[in-house]
Amino acid sequence: MTHLVSVLVQTPAHSQLAGALTYRSELPLTPGTLVRVPLGSRELLGVVWEPEPQAATAEVPPDKLRDIGPVLSGLPPLSAHWRQLVAFAASYYQRGLGEVALAALPPQLRELSERQMQRRLGRKTAPTPPIDAQATVEASVHLSAEQQDVLARLHASQGTFVLFGTTGSGKTEVYLQCVMQLLRTDPQAQAIVMVPEINLTPQLQARFQERFAPVYGENSVVALHSGMTHPQRLRSWLAAHSGAARVVLGTRMAVFASVPHLKLIVVDEEHDPSYKQHEGARYSARDLAVYRGRLEGARVILGSATPSLESWYHSRPAAEGGRYLRLAMPSRIGADAQLPLVRRVDMNHQPKRAVFAPPLLAAITERIARGEQCMVFLNRRGYAPVLQCTACDWKSACPHCSAFRVFHKIDRTLRCHHCGYTEPVPRACPECGNLDITPIGRGTEQLQEHLTELLAQVRRPGSVTPERPEGLPVAIARIDADSTRLRGSLQSQLAQVHSGEVDVLVGTQMVAKGHDFRRITLVAAINPDGALYSSDFRAPERLFSLLMQAAGRAGRDATIRSRSEMWIQTFHPQHPLFDALKRHDYPAFAAQQLQDRRNAGLPPFSFQALLRADARTQEVAQGFLVAASAAATGQLSHLPGFDRVTLYPAVPMGMQRVANVERAQMLVESPSRVALQTFLNHWHAVLHATRQSPAGKGLLRWAVDVDPLAI
Ligand code: ADP
Ligand code: ZN
Ligand code: ZN
């Protein structure tokens with residue numbers, strides 16, 4: 001007997017093939033089974049799906065139906081929970097089901113033949129039984145009172161938790177304990193632990209490995225992130241899918257891991273914007289983690305010293321409508337548990353054009369004299385953001401983008417950070433021939449050079465570490481996206497900082513996140529003012545969390561903690577954000593921000609989506625948006641809740657032109673998530689139609705971004 005099966009394949013975004021395709025099969029196939037199917041002249045990986053109510057069979061004449069290809073036997077089908085997660089993500093983020101499902105699978109699954117696959121599976125190691133469940137390291141860890149309290153409350157209830165723990169309060173230890181408890185009590189249970197950045201996974205993996213490998217075997221902890229090779233990713237994925245791996249550590253993609261016995265999801269640094277995917281299905285891994293936890297009955301822990309205002313708001317007291325349980329760990333681990341002293345330097349009272357205020361320079365010199373380390377950060381890489389002619393008004397604009405090209409002194413290039421367009425620095429002004437072209441503003445490269453000059457006379461007093469014998473000049477290292485382009489270079493540069501070879505570390509926000517530098521006692525933000533008066537309503541939130549994170553880099557080692565300081569150079573020392581920071585008072589900052597957001601009707605008090613359009617001209621890009629808006633008003637006004645949805649005018653994006661593409665966007669907003677989702681679901685077909693209409697002529701692409709992070 002012949003069966004008809006629905007199969008999802010990877011189809012180009014927005015293609016009409018977004019749903020499932022129908023194939024003939026000799027055998028009935030369970031939904032979730034992985035198969036290969038012919039499409040055109042190719043054979044693609046597909047996932048058997050529940051047949052849709054109005055199945056495509058109606059449209060495909062029986063003689064056109066093709067036979068399904070080989071089944072990837074030996075792989076258990078993807079679970080109903082997994083399929084529901086994918087279906088939810090596709091619907092919520094307005095993307096094709098096939099696109100989301102296939103993107104959630106490891107790339108190599110698509111490439112391997114059935115025979116290669118069998119070989120891979122044959123090699124798969126069986127789940128290691130607990131080697132000696134008693135021989136855990138846990139006995140050696142004496143949990144703080146706060147950690148004990150938090151763990152007790154975690155175990156006492158279910159659902160989603162916000163672990164509001166200051167930097168160094170021992171959140172990671174709480175995650176470890178939670179996982180440990182879980183694995184001990186449930187022989188099958190699995191956990192997903194997510195971190196925002198790839199470069200944080202090796203550190204965390206080492207900690208988890210150290211804790212669990214001796215008890216549950218080497219394969220009990222696996223990683224999943226885009227920095228891995230395809231074979232590595234496949235191996236991890238298979239280990240999770242088969243249930244052999246008990247802990248999956250990874251970046252945002254890990255939220256889609258096939259984990260049949262999921263009981264816990266940890267989202268570390270849950271406020272981090274990296275949890276939002278920026279292309280394709282623009283999902284938030286944090287939000288999907290909460291959804292998935294609810295779906296599968298798994299606990300979800302959202303950990304942060306500065307939770308996102310969304311999570312903070314959702315974790316208000318239950319009596320006020322909060323849905324998450326907030327657990328606080330306000331103290332740092334250790335005898336002298338204080339947080340770094342925050343010092344504001346009023347740049348209005350410093351010598352004109354000083355990059356480093358004299359008191360800051362003195363403080364840095366003092367640390368070096370004591371053999372301690374400093375970290376200086378500035379959120380701009382390169383030497384200077386602009387080159388300018390002193391005679392005419394030529395500036396180093398990128399010919400392809402609405403941005404300036406950045407001057408990189410190291411290789412004397414002008415580089416566009418948006419499209420990558422790079423040229424050697426011209427010897428003279430391209431407009432007027434003047435030889436005097438000068439850098440305006442500064443980036444990390446210049447900061448490093450400048451600091452090297454300022455500290456040229458300083459020598460280290462004595463041999464603090466064998467790597468840096470006394471009398472040598474000060475070593476100033478720089479870590480940013482430029483210095484770490486090569487694979488492995490970040491790890492080796494971090495190792496130099498850890499070993500004590502480096503006295504001062506200059507970097508972008510990259511260095512401010514998560515790293516556990518033991519001997520840093522001074523952290524300085526050189527010029528954080530930009531975010532205070534930004535048009536992006538999330539800028540203050542991001543700045544506050546960045547500065548709290550950065551401050552947390554100082555004094556990780558309790559023995560030198562009492563001397564640790566965070567310096568902020570600012571022209572607005574009285575700004576309430578810095579006030580709250582000085583008091584390490586995130587709740588006060590959050591309360592003030594939420595008040596502002598409530599007054600302005602911004603998230604979390606409203607829900608947003610962006611319709612974006614790209615074209616060769618603004619006119620075309622905006623024309624599509626205007627037509628899409630008119631079509632919505634014309635065709636969808638009958639929808640329930642439509643009167644609660646606001647469509648804003650089409651505008652150019654902040655970065656209007658990138659690589660000769662003009663970009664425009666339109667904001668859609670509603671105080672009701674349901675109203676917004678209902679609208680978006682119906683708008684989808686209207687957008688496809690608009691794309692095909694004259695208003696879509698010349699359009700390069702369009703996309704919907706639900707819960708956008710930057711508008
Ligand atoms: P967070 O993730 O909150 O910043 P960590 O979990 O990294 O903090 O802990 C900070 C430091 O304190 C780490 O070096 C960790 O090993 C140590 N630590 C955590 N809990 C304890 C404890 N109960 N006893 C001793 N040291 C601890
Ligand atoms: Zn000129
Ligand atoms: Zn460019």
Side-chain angles (χ1 to χ4, degrees), residues 137-151 163-179 193 195-196 200 203-204 206-208 210-211 266-270 301 303-307 327-337 339 387-406 413-423 426-438 498 512-518 548-559 561 655-663:
V137 215
E138 66 205 281
S140 61
V141 182
H142 294 284
L143 298 175
S144 71
E146 287 177 1
Q147 286 172 328
Q148 287 177 24
D149 178 52
V150 156
L151 282 163
L163 178 55
F164 170 49
T166 200
T167 50
S169 61
K171 292 188 289 298
T172 313
E173 187 59 45
V174 169
Y175 309 150
L176 286 161
Q177 294 286 336
C178 240
V179 174
V193 179
V195 287
L200 294 179
Q203 275 173 287
L204 198 67
R207 272 180 88 173
F208 273 78
E210 178 189 44
R211 195 65 66 90
V266 172
V267 185
D268 190 25
E269 310 292 0
E270 66 88 32
I301 305 177
S304 177
T306 52
L327 307 170
M329 297 204 299
S331 321
R332 285 177 121 180
I333 295 283
D336 181 9
L339 283 155
L387 272 191
Q388 190 178 33
C389 171
T390 54
C392 72
D393 57 5
W394 178 84
K395 288 196 179 85
S396 57
C398 174
H400 309 297
C401 305
S402 46
F404 292 112
R405 280 175 300 165
V406 175
T413 54
L414 291 179
R415 280 190 228 158
C416 175
H417 288 184
H418 301 278
C419 72
Y421 182 65
T422 302
E423 272 184 334
R427 297 168 56 106
C429 169
E431 296 280 324
C432 74
N434 170 29
L435 289 176
D436 191 14
I437 43 180
T438 57
H498 287 297
K513 287 185 186 176
H515 303 293
D516 202 357
F517 299 123
R518 309 304 299 179
M548 280 285 270
Q549 274 287 315
R553 299 309 104 209
R556 299 286 288 186
D557 187 334
T559 57
R561 185 173 291 164
M655 263 298 295
Q656 181 176 335
R657 191 165 52 104
V658 172
N660 294 322
V661 170
E662 289 285 340
R663 306 161 355 134

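All values reported here derive from a predicted model rather than from experimental measurement. Order of appearance sets the numbers: ligands from 1, and atoms from 1 within every ligand. Along the sequence shown, residues carry numbers from 1.
Between the side chain of R405 and the backbone N or O of T422, no donor-acceptor pair lies under 3.5 Å. Under the 3.5 Å distance criterion, the side-chain polar atoms of K171 are left unmatched by any main-chain donor or acceptor of F164. Looking only at distances, no side-chain donor or acceptor of R657 sits under 3.5 Å from a matching main-chain atom of A403. Checked by atom type and distance alone, the side chain of R332 pairs as donor or acceptor with a backbone atom of T167 at under 3.5 Å. Between the S144 side chain and the Q147 main chain, a donor and an acceptor come within less than 3.5 Å of each other.
For ligand 1, the atoms sitting less than 4.0 Å from at least one non-hydrogen atom of H142 are 22 (C), 23 (N), 24 (N), numbered in the order shown with element in parentheses. For ligand 1 and S144, the ligand atoms under 4.0 Å from any heavy atom of the residue are 23 (N). Those atoms of ligand 1 that come under 4.0 Å of a heavy atom in T167, given as number and element, are 4 (O). Applying the 4.0 Å criterion to heavy atoms of T166 picks out, from ligand 1, the atoms 3 (O).
For the ligand labelled ligand 1, residue G165 lies outside the 4.0 Å heavy-atom shell. Distances shorter than 4.0 angstrom do not occur between any heavy atom of V174 and any atom of ligand 1.
Q388 meets the side chain to side chain donor-acceptor pair (under 3.5 Å) test with no other residue; sequence neighbours excluded. Every residue meeting the side chain to side chain donor-acceptor pair (under 3.5 Å) condition with T390, not counting sequence neighbours, appears here in chain and number order: N434, D436.
Inside a sphere of radius 2.8 Å centred on the Zn ion (ligand 2), the protein N/O/S atoms present are C389 SG, C392 SG, C429 SG, C432 SG. Residue-and-atom listing of protein N/O/S atoms under 2.8 Å from the Zn ion (ligand 3), sorted by chain and number: C398 SG, C401 SG, C416 SG, C419 SG.
Atom SG of C389 sits about 10.5 Å away from atom NZ of K395, to the nearest 0.5 Å.
Across all non-hydrogen atoms, the minimal contact from S304 to P307 is OG-N, 3.3 Å.
Residue R207 holds the heavy atom nearest to atom 16 (O) of ligand 1 of all those in Q549, Q148, R207, M329. Nearest-heavy-atom check against atom 12 (O) of ligand 1 across V141, T172, I333 picks out I333.
At a threshold of 4.5 Å between non-hydrogen side-chain atoms, the residues P426 and I437 count as touching. Counting heavy atoms from C-beta on, the side chains of C432 and W394 never come closer than 4.5 Å.
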Check your understanding: Given M329 and V174, is the side-chain contact (heavy atoms from CB on, under 4.5 Å) satisfied, shown in steps?
Key -> CA-CA 10 Å; M329 297 204 299; V174 169; 3.8 Å; yes

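E146 and S331 share a donor-acceptor pair across their side chains, judged by distance under 3.5 Å alone.
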